[in-house]
Amino acid sequence: MPLKQLPDRAPELTAFEAGYLVSPNGDWRSIRPVIDMDRCVRCGQCYLYCPDGTISPEISVDYDFCKGCGICAKICKRGAITMQHEPDDA
Ligand code: SF4
Ligand code: SF4
């Protein structure tokens, strides 16, 4: 079986870098990650693991693109991220 051709631009880590997505797609999200910056130690794990690159290196979430998957909350060893219902969805 022939090997698949790699795309010109492939992600180097587990996710694309922040700012990769261009079409807002967060409007169907039912829960959102909320970061407690008092608990956050800026380790950058959530930034690296977010599959949509919606967490910036400064550790803030771009809710226009976040789909509410919860991976960032799962990966945060400090428990600084909690998934909360969208205000309209509570
Ligand atoms: S994984 Fe948690 S502690 Fe690390 S930067 Fe993200 S929110 Fe902060
Ligand atoms: S909930 Fe998912 S898409 Fe949203 S910031 Fe966290 S990892 Fe990224």
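None of these values were measured; they are calculated from a predicted model. For ligands, and for the atoms within them, numbers begin at 1 and follow the listed sequence.
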N/O/S atom of C46 inside 2.8 Å of atom 6 (Fe) of ligand 2, strictly under: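 It does not; every qualifying atom lies at 2.8 Å or beyond.
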
I55 and ligand 1 - part of the residue with a heavy-atom distance under 4.0 Å: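 It is neither; nothing of I55 touches ligand 1.
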
Ligand 1 versus R42: contacting region, heavy-atom distance under 4.0 Å: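 The answer is the backbone of R42.
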
Test item: R42 side-chain N/O and C40 main-chain N/O as donor-acceptor pair under 3.5 Å: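 Flag set: sc R42 to bb C40 pair under 3.5 Å.
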
Any donor-acceptor pair under 3.5 Å from D62 side chain to D64 backbone: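 Answer holds: yes.
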
Atom indices of ligand 2, in the order listed, that fall short of 4.0 Å to a heavy atom of G68: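 Every atom of ligand 2 under 4.0 Å from some heavy atom of G68: 1 (S), 4 (Fe).
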
From C50, S60, C66 - option closest to atom 4 (Fe) of ligand 2 by heavy atom: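 Residue with the shortest heavy-atom distance to the ligand atom: C66.
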
I want to check something: taking the side chain as every heavy atom from C-beta on, are [X] and [Y] in contact at a cut-off of under 4.5 Å?
X	Y	answer
E58	Y47	no
C72	I55	yes
Y49	I75	yes
C76	R39	no

Numbered atoms and elements of ligand 1 in range of I81, under 4.0 angstrom, heavy atoms: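 Heavy-atom distances to I81 below 4.0 Å select 7 (S).
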
Numbered atoms and elements of ligand 1 in range of V41, under 4.0 angstrom, heavy atoms: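 Matching atoms, with element in brackets: 3 (S), 8 (Fe).
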
Derivation and outcome, side chain to side chain donor-acceptor pair (under 3.5 Å), residues T82 and Q84: CA-CA 6 Å; T82 53; Q84 299 182 9; 3.1 Å; yes

Tell me: protein heavy atom nearest [atom], and distance?
atom	result
atom 5 (S) of ligand 2	T54 OG1, 3.2 Å
atom 8 (Fe) of ligand 1	C40 SG, 2.3 Å
atom 6 (Fe) of ligand 2	C72 SG, 2.3 Å
atom 3 (S) of ligand 2	K67 N, 3.5 Å
atom 2 (Fe) of ligand 1	C76 SG, 2.3 Å

Residue C43, metal atom 4 (Fe) of ligand 1, N/O/S under 2.8 Å: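 Checking C43: at least one N, O or S atom is under 2.8 Å.
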
Any P51 heavy atom less than 4.0 Å from ligand 2: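 Yes, P51 has heavy atoms under 4.0 Å from ligand 2.
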
R29 to Y63, cation-pi by 6.0 Å centre distance and 45° axis angle: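 Pair R29/Y63 does not count as cation-pi.
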
Spacing of CE belonging to M37 relative to CD1 belonging to I35, to within rounding of 0.5 Å: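 It comes to 6.0 Å.
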
